[in-house]
Amino acid sequence: MKTKLATLALTAVMAASPVMAELVFPSLSYRTGPYAAGGIPYADGYADYFNLLNERDGGIGGVMTKVIECETGYNTEKGVECYESTKGEGALVYNPLSTGITYQLIPKVTADGIPLYTPGYGRTSAANGKVFSNVFNFPANYWNAASLAVNHLLDINGGDIKGKKVALVYHNSAYGKEPIRTLEELAAKHGFELKAIPVDHPGQEQKSQWLQIRRDKPDYVLMWGWGVMNQVAIQEAANIRFPMENFVGVWWSGGEHDVTPAGDSSNGYKAVTFHNVGTDFPVFDEVKTHLVDAGKAAGAANNIGTALYNRGFYAAMLLAEAARKAQEIHGTPDITPAMMRDGMEALEITEARMAELGMPNFGPAFAVSCENHGGPGTGAIQQWDASAKTWSLISEFGGSDMDVIQPLIDADSEAYAAENNITPGCN
Amino acid sequence: MPDQLLFAIEVTLNGLMAGVMYALVALGFVLIFKASGIFNYAQGVMALFAALTLVGLQNGQVPFAHLINAIFGTDVHHFGWHLPAFVAIILTIGVMILLAIIVERYVLKHLVNQEPIILFMATIGLAYFMEGFGDMMWGSEIKKLDVGLPQGISESIDATTYNWFGYGFFIDRLDIVATVIAALLVISLTLFSQYSKQGRALRAVADDHQAALSVGISLRFIWVLVWSIAGFVALVAGIMWGAKSGVQFSLSLIALKALPVLMLGGFTSIPGAIVGGLIIGVGEKLFEFAIGPMIGGATENWFAYVLALLFLVFRPQGLFGEKIIERV
């Protein structure tokens, strides 16, 4: 009887214990539907980095990583379903690649104690970690992007854009409207004239908007688009012979799939970016050796080095470094979501570390803190070469105008704190 | 001439051109509804599927490559050929006819005499199936469509109007081509339905399918015929819209632009689809031009439906739809 009881107890203990600990990174991806062209390379890059760590290093700190993909179709409801269905699997952090999903997840992750990572998208004012304890959007956000685009216009105009006409063609959604306030502030500061021109979802038909641009003759056009809106806008700009070098998109309007449908006409189009472009980094040799040649690369392995692939890859690298930091802080390789949050808040990326990872100058060196979950807000400008079919950086990574952006972040995050009875502060 | 008037004329001309593009999509809906009383929810996806097939065949893409590679561990993606656009279009028409046969044999045949709502639901299922099937067959990346269509501003119209008015009008050459093709399509469809044996049979089925059956017309053949023609129209719409944005999955959303056209022009009239398209195109563009800036812009999507609703209030069957008279 005693033996039977002991066997039962042992069986129960074994069943309750995890067979093998894993660091779980859910990927709320979209490989189908109208936005798949952007979703696929991002998801591939995200998965490849974690797979590379497994194949090359045996995971992070000796613990294997696991990427659980859940298809959202860029649909907010499906994104929330994905969150609910995967959070019980030990999810350490979510990166939903959708501003709509992000807004829905912010209260949920805060209640569940799971960090949410939204690099270059999501709720901009989440950069204030005193209010948004579980949300991180380093190294740059939408408002940084708006400022970086204006900085580029300043650079090419000798620092003076007073009296210039700038049109903003934006997706008529919460995402598309994000930069307007910042651009209005910057227009007042630098004396340029801003005209915001909305494009309704999905953006397949933009004749009215581009006829208006043709009539108004702005000096520059900025674009906040996603999906088919980007491709149509670039084609329509070419149709009205708007100079491509005066057309600057946000980083979500700066993928290869955005420019290639317009062919040679898209030559010279520019976009803001918060990370480097191309495959000229040692880490991609390792991706080839450990993943592509071994048949273990994500998807069809045909997106490596594209803008969105690099963004997903970079996001995964930053999260892996945060996980490493969490292991270091808490002295255990098997970290929890709360520990992961601590690691993200204590993350420090140096140039030396990026070089060590085979990604020298891939992104900025920065440190995260409780006060600043948004990172340095730096970025560069990339330009499309239609004949070579490549993006090239045409500027150094530079800072954005935090004198304008920080008060906006403070005001918006404080309003959120007041609405949700949050007492801002750091632990 | 005052600048605002010139701009309004330019907007009107572009609205007419945009209307033709909407009408191209609406035509497919009309053909199927007219012949079978089915509102084909899958028409937008058919345009997407046709365009995907065209580009895939033209570029020598191996269909189901991801699936084949995943199952057999191979690494095949392309056959290594590049077909001329004309050949690829002919082959795509063949695929759309095959699709029509499959739809008739495996879906419609089993739903004869069912309520229209059942048939409508079947087309919803068909739409989702075709979207997934297209994804699996050709992949979901954006593809450049190159069938030699001209694009960009028409220099001659720009120069001529500049000489006349001191302001050059913008007319996209692709829109001019679309207009010519739409006109040819309507003329061909009208001639076909008026003067060919199959066309007369199609009209007979549209009028009263039981009476048509009683005189020996094959309902199944007519359905295959009409779905094939709708497939061809979907291919034309897919080419025109795909040339603007590349061939991508959002192409299926162009169906949304056809709905107000159908409401306005009527679900059973081919000329109605054209006139409805033109009215919607001009109406939404002029409204955006004149009123849009005062109310924040982006009015086109909803204004098209408001315009269609206004027409519906006074003429529920649409401008050219058949008047519904039910006698007790």
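We name chains A, B, ... by the order of the sequence lines, and we start the count at 1 in each one.
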Looking at Lys285(B) and Ser208(A), what are the two nearest heavy atoms and their distance? CD-OG, 3.0 Å

Heavy-atom pair of closest approach, residues Ser245(B) and Gln204(A): OG-NE2, 3.1 Å

Selection from Glu10(B), His66(B), Glu131(B) maximising heavy-atom pairs under 4.5 Å formed with chain A: Glu10(B)

In terms of heavy-atom pairs under 4.5 Å, which option from Glu256(A), Gln206(A), Glu205(A), Gln212(A) contacts chain B the most? Glu205(A)

Atom group of Leu251(B) that falls short of 4.5 Å from chain A, counting heavy atoms: both

Find out whether Gln248(B) and Val228(A) are in side-chain contact, i.e. whether some heavy atom of one side chain is under 4.5 Å from a heavy atom of the other. yes

Between Asp158(B), Asp75(B), Leu256(B), which shows the greatest number of heavy-atom pairs under 4.5 Å with chain A? Asp158(B)

Over 12 foreign heavy atoms within 6.0 Å of CH2, Trp302(B): yes

Would Arg214(A) and Ile153(B) count as a side-chain contact (heavy atoms from CB on, under 4.5 Å) here? Give the steps. CA-CA 11 Å; Arg214(A) 188 168 178 266; Ile153(B) 188 168; 3.6 Å; yes

Answer yes or no: are there more than 12 heavy-atom neighbours, outside Tyr41(B) itself, under 6.0 Å from its atom OH? no

Side chain / backbone / both / neither for Gln151(B) at chain A, heavy atoms under 4.5 Å: both

Check for a donor-acceptor pair, side chain of Asn301(B) on one end and backbone N or O of His201(A) on the other, with a separation under 3.5 Å. yes

Tell me, do Glu300(B) and Gln209(A) make a side-chain contact under 4.5 Å, heavy atoms counted? yes

Find the one option among Gly227(A), Gly295(A), Gly263(A) whose heavy-atom pairs under 4.5 Å with chain B are most numerous. Gly263(A)

Using a heavy-atom cutoff of under 4.5 Å, enumerate the residues of residues 133-145 of chain B that contact chain A, numbered in order, or state 'none'. Asp135(B), Ser140(B), Ile142(B), Lys144(B)

What's the shortest heavy-atom distance between Asn239(A) and Phe170(B), and which atoms? O-CE1, 3.3 Å

Which region of Ile40(A), side chain (C-beta onward) or backbone (N, CA, C, O), has a non-hydrogen atom less than 4.5 Å from a non-hydrogen atom of chain B, or is it both or neither? side chain

Minimum heavy-atom distance between Gly296(B) and Pro198(A), given as atom pair plus value: O-CG, 3.1 Å

Geometric cation-pi criterion Arg215(A) and Phe7(B), 6.0 Å radius, 45° cone: yes

Check each atom of Asp175(B) against the heavy atoms of chain A and say whether the ones under 4.5 Å are side chain, backbone, both or neither. side chain

Return the set of residues passing salt bridge (charged side-chain N to carboxylate O under 4.0 Å, His left out) with Glu55(A) (not counting sequence neighbours), or none when no residue passes. Lys296(A)

Heavy-atom pair of closest approach, residues Ala298(B) and Asn172(A): CB-ND2, 3.4 Å

Is chain A contacted by the side chain of Asn69(B), its backbone, both, or neither, given a heavy-atom distance below 4.5 Å? neither

Side chain, backbone, both or neither of Phe169(B) within contact of chain A (heavy atoms, under 4.5 Å): backbone

Side chain, backbone, both or neither: which part of Arg241(A) has a heavy atom under 4.5 Å from chain B? side chain

Less than 4.5 Å to any heavy atom of chain B: does that hold for the side chain of Thr260(A), its backbone, both, or neither? backbone

With rounding to the nearest 0.5 Å, note down the distance linking CG in Leu211(A) to CG in Asp172(B). 10.0 Å

Is any side-chain N of the basic residue among Glu288(B) and Lys207(A) closer than 4.0 Å to the acidic one's carboxylate O? no

